[in-house]
Amino acid sequence: MSDLNKLTLADARDKLRAKEITSVELTEACLSAVEGGKTLNAFVHDTPDLALEQAKAADATLAKGDAPSMCGLPIGIKDLFCTKGVASQAGSAILEGFKPEYESTVSQNLLDAGAVMLGKLNMDEFAMGSSNETSVYGDVVNPWKVDDRNLTPGGSSGGSASAVAADLCLAATGTDTGGSIRQPAAFTGIVGIKPTYGRCSRWGVVAFASSLDQAGPMTKTVRDAAIMLEAMCGHDAKDSTSVDMAVPDFEAALEGDIKGKTIGIPKEYRMDGMPDEIEALWSQGTEMLKDAGAKIVDITLPHTKYALPAYYVIAPAEASSNLARYDGVRYGHRAKLSQGDGITEMYEKTRAEGFGPEVQRRIMVGTYVLSAGFYDAYYNRARKVRTLIKKDFEDVFAQGVDAILTPATPSAAFGLGEMKDADPVQMYLNDVFTVTVNLAGLPGISVPAGLDKQGLPLGLQLIGKPFEEGELLQFAHTLERAAGFVAKPEKWW
């Protein structure tokens, strides 16, 4: 029974309902894996007592029959989600000691669906990072390893990705502002979907860039992603950007085939210097979908080259506004003051101590692009570029394209520390294939599709039409079956 943590959500759900296992047994197996996986630094606030209490309640519900979709399934929650009575720091020193008196809508939806919370997962500070090296808790380690090098699991949802890939939990929540679900999913050989902006409530999720942030599941399979996404979604009156739209049966949408559907291949994603392995995998993915009956067409998304610079104007601008609330007055960290210090000194010292270098950098960039004299030159121009990027996708979908296939990342996972001293722009380039999806508010999913020559996982990204996650998941399921990716990291931790 000790291997129960290796089950997928779907398999565990079926075994629970068939009374083959109990939620307590499943949860204990995961808690044991979490304890044994401390080297990965994926979990930062364990909640074993709460998890076992929830598991016992789930077993009682299962015994009565007619259990909700996630009943008894142990998952991890990214530290960006506020969880009632449980530390929620967003990976930052400035929120040290903060235990919310409320539950985020997404985590509450999962609890209502019967999920068991094992604890909170590590992440880049305020979701700002692509390698999970900006966290106050320290670096997260990828369970995949090469030559005894510790590799990044990607970011900002690196703790979620590492925990799922290492079977510490059955699934986890993530958030995606510019690729923070899809990039770490690709780096760790798991599935990660960012739904359409507005599909999942942002209420109770610590804000980074409010017009870009979106929650989503990180899972072992596409079927698991469909099960968990359905539980996470739903209209929320507390979030003005939440869309009042019925949530489909995403798991049922996996059935059927994709014959006659059209897949677009954007020429702008063939970047200079792209590794041959990424190019080859993209071509293989294209052939897999073609063999499944899809029609493959070349498309153009002409404003793609402006996406990264536009994103790194808009996201820091919104962050500088959102993070202004952390001042040491109401909650979180407050700096010790010297005699004679006033409120201005308190703000300055608290923020200098509480925010890490990357967060400070982005606040400064955001403040700069919003300042008088630069607002039109940078922020307004970036907003106009965003509109053009969105229109590129609208035009392609209007021409009959059902989904778009691209690489998920420009490389496999790199070593921890390798980019720390490099130009920050080098780190930002990890988001080159993912930021367009956030700027346009579209759904995107990363599916593990192969290994590079070092034996590290590589992912392919599918981009769908707004609020067509069901169709997108069907394409992803088809790709997953064709790729037949079953590789797992060799346990060393």
Side-chain angles (χ1 to χ4, degrees), residues 9 13 61 66-71 73 75 77-78 80-84 88 100-115 117 127 157 160 171-177 180-182 191-219 222-254 318 322 386 390 393-394 397 437-445 463-474 476:
L9 279 181
R13 174 196 62 184
T61 302
D66 196 28
S69 63
M70 296 280 293
C71 193
L73 300 175
I75 62 170
I77 302 290
K78 184 178 179 178
L80 205 66
F81 293 82
C82 288
T83 45
K84 188 174 181 179
S88 305
E101 294 298 315
Y102 53 89
E103 193 78 33
S104 79
T105 298
V106 163
S107 53
Q108 186 64 58
N109 286 349
L110 288 166
L111 293 173
D112 290 346
M117 186 178 83
S157 306
S160 300
T173 62
T175 62
D176 194 311
T177 305
S180 288
I181 286 174
R182 291 159 290 150
V191 174
I193 181 169
K194 181 205 92 73
T196 312
Y197 183 79
R199 178 64 94 176
C200 288
S201 171
R202 292 183 301 106
W203 194 84
V205 180
V206 177
F208 165 14
S210 300
S211 74
L212 299 162
D213 300 341
Q214 190 63 193
M218 302 181 75
T219 60
V222 173
R223 184 173 296 278
D224 286 2
I227 293 166
M228 190 168 174
L229 180 62
E230 186 177 339
M232 292 171 71
C233 291
H235 177 245
D236 180 13
K238 297 192 291 291
D239 175 9
S240 63
T241 62
S242 174
V243 175
D244 191 358
M245 183 181 285
V247 179
D249 184 338
F250 290 131
E251 189 177 7
L254 302 179
E318 295 187 15
N322 278 326
R386 180 181 190 172
K390 189 168 184 288
F393 283 105
E394 288 170 353
F397 291 134
V437 177
N438 299 81
L439 290 168
L442 299 172
I445 187 169
I463 303 167
K465 293 178 283 192
F467 300 103
E468 291 292 346
E469 287 87 0
E471 186 177 53
L472 181 66
L473 285 160
Q474 186 186 46

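Note that these values count all heavy atoms, side chains included, but never hydrogens, waters or copies made by symmetry.
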task = Look only at the side chain of Ser160 and the backbone of Thr173, and say whether a donor-acceptor pair between them is shorter than 3.5 Å.
result = yes

key: Leu254 and Val222, any side-chain heavy atoms less than 4.5 Å apart   = yes

query = Distance from Ile75 atom CD1 to Ser107 atom OG, nearest 0.5 Å?
reply = 8.5 Å

message = Please find the pair of heavy atoms, one from Lys78 and one from Gly174, that lie closest to each other, and give the distance.
response = CD-CA, 4.0 Å

request  = Using atom types as modelled and distance alone, determine if a side-chain donor or acceptor of Glu230 lies under 3.5 Å from a backbone N or O of Val247.
outcome  = no

remark   = What one should report as the nearest heavy-atom pair of Gly204 and Tyr102 is CA-CE1, 4.3 Å

request  = Supply the atom-to-atom distance Glu469 CD to Ile445 CD1, rounded to the nearest 0.5 angstrom.
outcome  = 10.0 Å

query = Taking all atoms of both residues into account, what is the closest heavy-atom pair of Pro195 and Ile193, and its distance?
reply = CD-O, 3.5 Å

message = Can you give me the closest heavy-atom contact between Glu103 and Trp203, atom names plus distance?
response = O-CZ3, 3.2 Å

task = Give a yes or no on whether the backbone of Cys82 and the side-chain of Ser88 come within a donor-acceptor separation of less than 3.5 Å.
result = no

Smallest separation among heavy atoms of Met228 and Ala171, with atom names = SD-CB, 3.6 Å

task = Could I get the full list of side chain to side chain donor-acceptor pair (under 3.5 Å) partners for Asn109, not counting sequence neighbours?
result = none

query = Does any non-hydrogen side-chain atom of Leu229 lie less than 4.5 Å from one of Cys200?
reply = yes

Ala231 versus Leu110, closest heavy-atom pair with distance = CB-CD2, 3.9 Å

message = Measuring from atom CZ of Phe397 to atom CD1 of Ile463, what distance do you get when rounded to the nearest 0.5 angstrom?
response = 7.0 Å

ask   = Under the 3.5 angstrom rule, does the side chain of Asp239 hit a backbone N or O of Arg202 as a donor-acceptor pair?
value = yes

query = If you round to the nearest 0.5 Å, how far is CD of Glu251 from CZ of Arg13?
reply = 4.0 Å

query = At what distance, to the nearest 0.5 angstrom, does NZ of Lys194 lie from CG of Leu212?
reply = 8.5 Å

message = Does any part of the side chain of Phe208, heavy atoms only, come nearer than 4.5 Å to the side chain of Ser180, both counted from C-beta?
response = no

key: Atom pair OG1/CG of Thr175 and Leu80 - distance to nearest 0.5 Å   = 4.5 Å

task = Check the pair Ser201, Asp236 against side-chain hydrogen bond (donor to acceptor under 3.5 Å, both in side chains), reporting the backbone distance first and the verdict last.
result = CA-CA 6 Å; Ser201 171; Asp236 180 13; 2.6 Å; yes

ask   = Checking Asp213 side chain against Thr177 main chain: does a donor-acceptor pair fall under 3.5 Å?
value = no

task = Side-chain contact test, heavy atoms from C-beta onward, threshold under 4.5 Å: evaluate it for Arg199 versus Pro443 and give yes or no.
result = no

key: Backbone N/O of Asn438 and side chain of Asp176: donor-acceptor pair under 3.5 Å   = no

ask   = Is a side-chain donor or acceptor of Lys390 paired with a backbone partner of Leu442 at a separation under 3.5 angstrom?
value = no

